[in-house]
There are 6 protein chains.
Amino acid sequence: MISAHAGDFVWRAGGAIALAAHRGGRAKVVCLSYGERGESAKAWRAGHTLDEIKAIRREEAEHAAAALGAEIEFLDAGDYPLVETPELVDRLVRVYRESEPDVVLTHPLADPYNGDHPAAARMALQARVLAQAIGYDAPGEPLGAPPVFFFEPHQPEQCDFKPDVLLDITPVFEAKRKAMECLPAQQHMWDYYTDLAVRRGVQLKRNAGPNLGLAHDTRAEAFMRLYPQVTDTLR
Amino acid sequence: MISAHAGDFVWRAGGAIALAAHRGGRAKVVCLSYGERGESAKAWRAGHTLDEIKAIRREEAEHAAAALGAEIEFLDAGDYPLVETPELVDRLVRVYRESEPDVVLTHPLADPYNGDHPAAARMALQARVLAQAIGYDAPGEPLGAPPVFFFEPHQPEQCDFKPDVLLDITPVFEAKRKAMECLPAQQHMWDYYTDLAVRRGVQLKRNAGPNLGLAHDTRAEAFMRLYPQVTDTLR
Amino acid sequence: MISAHAGDFVWRAGGAIALAAHRGGRAKVVCLSYGERGESAKAWRAGHTLDEIKAIRREEAEHAAAALGAEIEFLDAGDYPLVETPELVDRLVRVYRESEPDVVLTHPLADPYNGDHPAAARMALQARVLAQAIGYDAPGEPLGAPPVFFFEPHQPEQCDFKPDVLLDITPVFEAKRKAMECLPAQQHMWDYYTDLAVRRGVQLKRNAGPNLGLAHDTRAEAFMRLYPQVTDTLR
Amino acid sequence: MISAHAGDFVWRAGGAIALAAHRGGRAKVVCLSYGERGESAKAWRAGHTLDEIKAIRREEAEHAAAALGAEIEFLDAGDYPLVETPELVDRLVRVYRESEPDVVLTHPLADPYNGDHPAAARMALQARVLAQAIGYDAPGEPLGAPPVFFFEPHQPEQCDFKPDVLLDITPVFEAKRKAMECLPAQQHMWDYYTDLAVRRGVQLKRNAGPNLGLAHDTRAEAFMRLYPQVTDTLR
Amino acid sequence: MISAHAGDFVWRAGGAIALAAHRGGRAKVVCLSYGERGESAKAWRAGHTLDEIKAIRREEAEHAAAALGAEIEFLDAGDYPLVETPELVDRLVRVYRESEPDVVLTHPLADPYNGDHPAAARMALQARVLAQAIGYDAPGEPLGAPPVFFFEPHQPEQCDFKPDVLLDITPVFEAKRKAMECLPAQQHMWDYYTDLAVRRGVQLKRNAGPNLGLAHDTRAEAFMRLYPQVTDTLR
Amino acid sequence: MISAHAGDFVWRAGGAIALAAHRGGRAKVVCLSYGERGESAKAWRAGHTLDEIKAIRREEAEHAAAALGAEIEFLDAGDYPLVETPELVDRLVRVYRESEPDVVLTHPLADPYNGDHPAAARMALQARVLAQAIGYDAPGEPLGAPPVFFFEPHQPEQCDFKPDVLLDITPVFEAKRKAMECLPAQQHMWDYYTDLAVRRGVQLKRNAGPNLGLAHDTRAEAFMRLYPQVTDTLR
């Protein structure tokens, strides 16, 4: 899971991450920056320095990751703007080669409200392809072809986000809520993303096939796929 | 599975049908017409009458369905053009209510080479929505919300067909080949659709996640989804 | 404002309607059907007859329209399916010619969950164009070219709905809430559409230019335009 | 208003600029380059040096800006290619912070005929987002969220340009014509863009609502919106 | 060439028609209606009856066709609305079978300003596919697969019209102008479509490969293709 | 013809190249890299060094180009990733100015499986535009406006590839097959691209107009156009 800023993984994919951890898998979050410039308005207004803000954001994100059961790594590449570089892509290749993920989560490729998000996504995708090549000079075995899921942006329609997958996160929603509460500076988002989980849950039920026995209070997260789904059963 | 003509289900979704039957499920094919005018050029050139052609097509399609392990029903609504009517939609509602499918397969909504295909799809979709309403006057319980898959048309790019799902049909490919061979008038299609299964199989392997242990000679069929996938696991 | 069923105008455009009425304009709602078959599951399960259900829906919709300050007219054309006919289009032409609307509101043209919605929209649009022609045989003067707004469907992304306009409905939100409460059979929708108004309000504030002095609790509705905006000021 | 070359603002948005100035607002044009290499063929063929051409283009653009009532600033960043750099984006951030625009005009994001245009647009958009962040290190207050309008490119359909807004520039069209005539090297464009203003004017009248009392000789410019319109009235 | 109303062929494809005739080919225009209701406002305002208007439109269109060197046939199917019927499609099948066109011209499939245009196009396309089937019961040989070109609508961008082909009509532009002048009721269109021919001519030169020796006053018409171009040379 | 890696031109456009050479034209292939890291898995597994692999790839590509009758030039810019630089674009400008191509072939702009392909395409397109400007400082005359064709990627639908042109390569297919056989490391591709030529050939026949007298075993390649076709005849 590769995100631009330290908080993104909680709001957009906290359920998916908690679900993977909940089932005994390894879930790893890579934050390219702390979101210290672009997503910390409250701390700036409170008069904190850049280093203080980075430290605050780091600690909060660590708590949130722990609440979800995930590891977290910070690349501290700076934000607003997050600048794409070969070095940063190379670091991501090494993360892929080391962690051998079954699934990759990242931002969608369009976001007219925040240029760092698509920049993070482009690097995440480029590094994934490079990591697949035996000829790319980095430790470890060539990566397989883990499917890529784009998580939901803040204003989905303006980012050409159309849900391909509705993921039932009901069993772990409490963990997601706790992780959100680790980010006190963005308290107005707690309810916003709780409401979104309800909304996506209603849609999930509307799209579910017959006889699924879904809970009344289903909670969901939405994702887009970059590549076609590979399966041996249609459903 | 609702198709415009008697042969469509074999070429485009024979693997998916055989897979369902192979696993002990009930697979039902509904042919709105026999394809007697639009897809029987050879028989017309041989001088057969309309009724003879319909009988030939029916028998071939029955054999092909049997080879796949599927039931088949013919609505004999005429083709070229297949005309959309409320009566035909109502018949499809009754089929849905009776068979309670877990999954619906039909043609994509665009096909500049054959107007019957989108007409069949529109009726299949409209009937599915009507069958969900308790207020719709037809026997049986309201339908759930079975997912809809569009199967691959003959010229996919011109029909805005972009694979969302690649289905591994390797275990049943021999059955699909046998079903194709039940349609001798279109012998040139046997190899065409075998080649397509190879091509989609190569793409499936390219898009599969790590460690799937896929066969060297993987065969696949491609589908689009109309509605988002509902799942409790990302993969 | 032309909608397929008796309840649609409340959930999707109650704010826009109340706003027009609030400012002293005439707001008129045309319901092509009562939604008696497709959107009255609760009443069917309670054992009501078709005529009873239509009467209930009619009464509820009249109360809701009154709460918004709007006139309402029912064409009783039947739903599930709502069938497009030349006669129905002609009736809409006459409504346009009589009411000379400054603005037209209707459903978007795509909705894979409900075929009646696009059918209503197609008729609303066709009638609007016909009403503009002096040669069309109906009473009244040729219609001008009132702009058309599509209101937000239940699952916006699946209907290719991308907001072009965010309308501030804060001053009339209480009226919209009251109108929603006139529809007791769909009580679960009251909160759903209140949450949506909050969500669209947050987005409105995010997209508003500087110095607008927006309320903290801004409520909004989203619309798409069919035609380009005509203006003498960019903002 | 941020454009790639010194002439762009005249042809594509001269009316919008004159209209703003005409109403007593401040209109500011930022030219990233003089268009000295890519849009000065006549001067090159006449044997001028690079510096001479830049001086000519600068003077012409200053006259044109004056004719429209606008300020103009040249960043002299070079053209063909206009290279995107963090430094240039930073300069634009400072322009935004200083001028606090109510509205931003720039090129559309696609132009297969001229790579400098999208490059200018990308920088204009990125800088706008950066300028909104209190944590971005530049003088001035964080920017609000001024709406962004893309002006019309030379071959609109090939640039995926679909008019969202038709702006009535009739009252200032003479000023636009005078500004065009400040660019003698491109005399063939004077009539071309006059014809375009007529054409867009005809479309404006066709899309205008009733009772607008438009002039027979309406002149217009077309724009696309990047973000949804925020309004308190539908029209 | 199949058009909805009696005047369409002149404005949108008069050059293409004249070019075909000019080179010794047979050019045939089929008008589904006279445009008597929707495109004859002036005549209605002058107090003519329906029959008079149809006669006027017919005579004008005959003169225009003659000026282009084309045959013309009127199906008198009525306009505003032009209603799609199996009978009308069948008549078009017979026209295809009889005339065996090398190329088919018709309206694009989207036009939010005029529903008759897409209706004509849908019938033209459906009939073309039906005419290809040996099993379709109509006189003549099965049709080949003539390419289909959509001509340019009045507001191209709003109709999703993006030029795929720019046709040089310089040698026959005078004939097109003369044909336009056969339609005195729409005199304001003469200059509008002359300007458009200039504009498309400028674009043609901009897109032409090297060494084409194009005239300074090139005139062009724009078209979209429905099917891929088939060729033995890339250029 | 500008490609990212040393083998691309053979699989995707070998027919088009051979056809041009076959007709006495000059065909030139520019390979930005050898594909030494990303497309040489077999050689890496065999233990070769980077330099050895580049030499092998170079030799194979030279043989393949010779088999097609084309010149070939290697820019050795490195792959996986192929990095876009002003210097590389400048080298391509000089190639355009020197070779004055009538037609440009390159990769499509989207490829989620290989980032080098779009990078090559972006540079090829940018250089083409720069080479057209008299003010761009490089030897030679300004380039005309050669049409651009995108050749078919490995997974066309996932790259938004929709064929605009089907090119009949039957007369030179044997040469293409021989060129493919010059690339022994990718033997599994020989049949894959032969099957694709058959498939595109079937589609070509389906889309060809009447009376073309096409061979039973037609072979084809598919291309997209970036710019509209310029022509003096519709067909």
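Note that the coordinates shown come from a computational prediction; the quantities given were computed from them, not determined experimentally. What's counted below: heavy atoms across the whole structure, side chains too, no hydrogens, waters or symmetry copies. Each chain gets a letter, A, B and so on, in the order the sequences are listed, and its residues count up from 1.
No more than 12 heavy atoms of other residues, nucleotides or ligands shown are found within 6.0 angstrom of CD on A/E59. Within a 6.0 Å sphere centred on CZ of D/R23, heavy atoms belonging to other residues, nucleotides or ligands number more than 12.
Annotation for A/W44 and D/I134: closest pair CB-CG2, 3.7 Å, computed over non-hydrogen atoms. Nearest heavy-atom pair, D/V129 versus A/N114, reported as atom, atom and distance to 0.1 Å: CG1-CA, 4.3 Å.
Contacts between A/D79 and chain D at a heavy-atom distance below 4.5 Å are absent for every atom of the residue. Neither the backbone nor the side chain of D/L125 comes within contact range of chain A; no heavy atoms are under 4.5 Å apart.
Counting heavy-atom pairs closer than 4.5 Å to chain D, the top residue among A/A43, A/P112, A/G38 is A/P112.
Note: D/D137 CG to A/R37 CZ = 6.0 Å, rounded to the nearest 0.5 Å.
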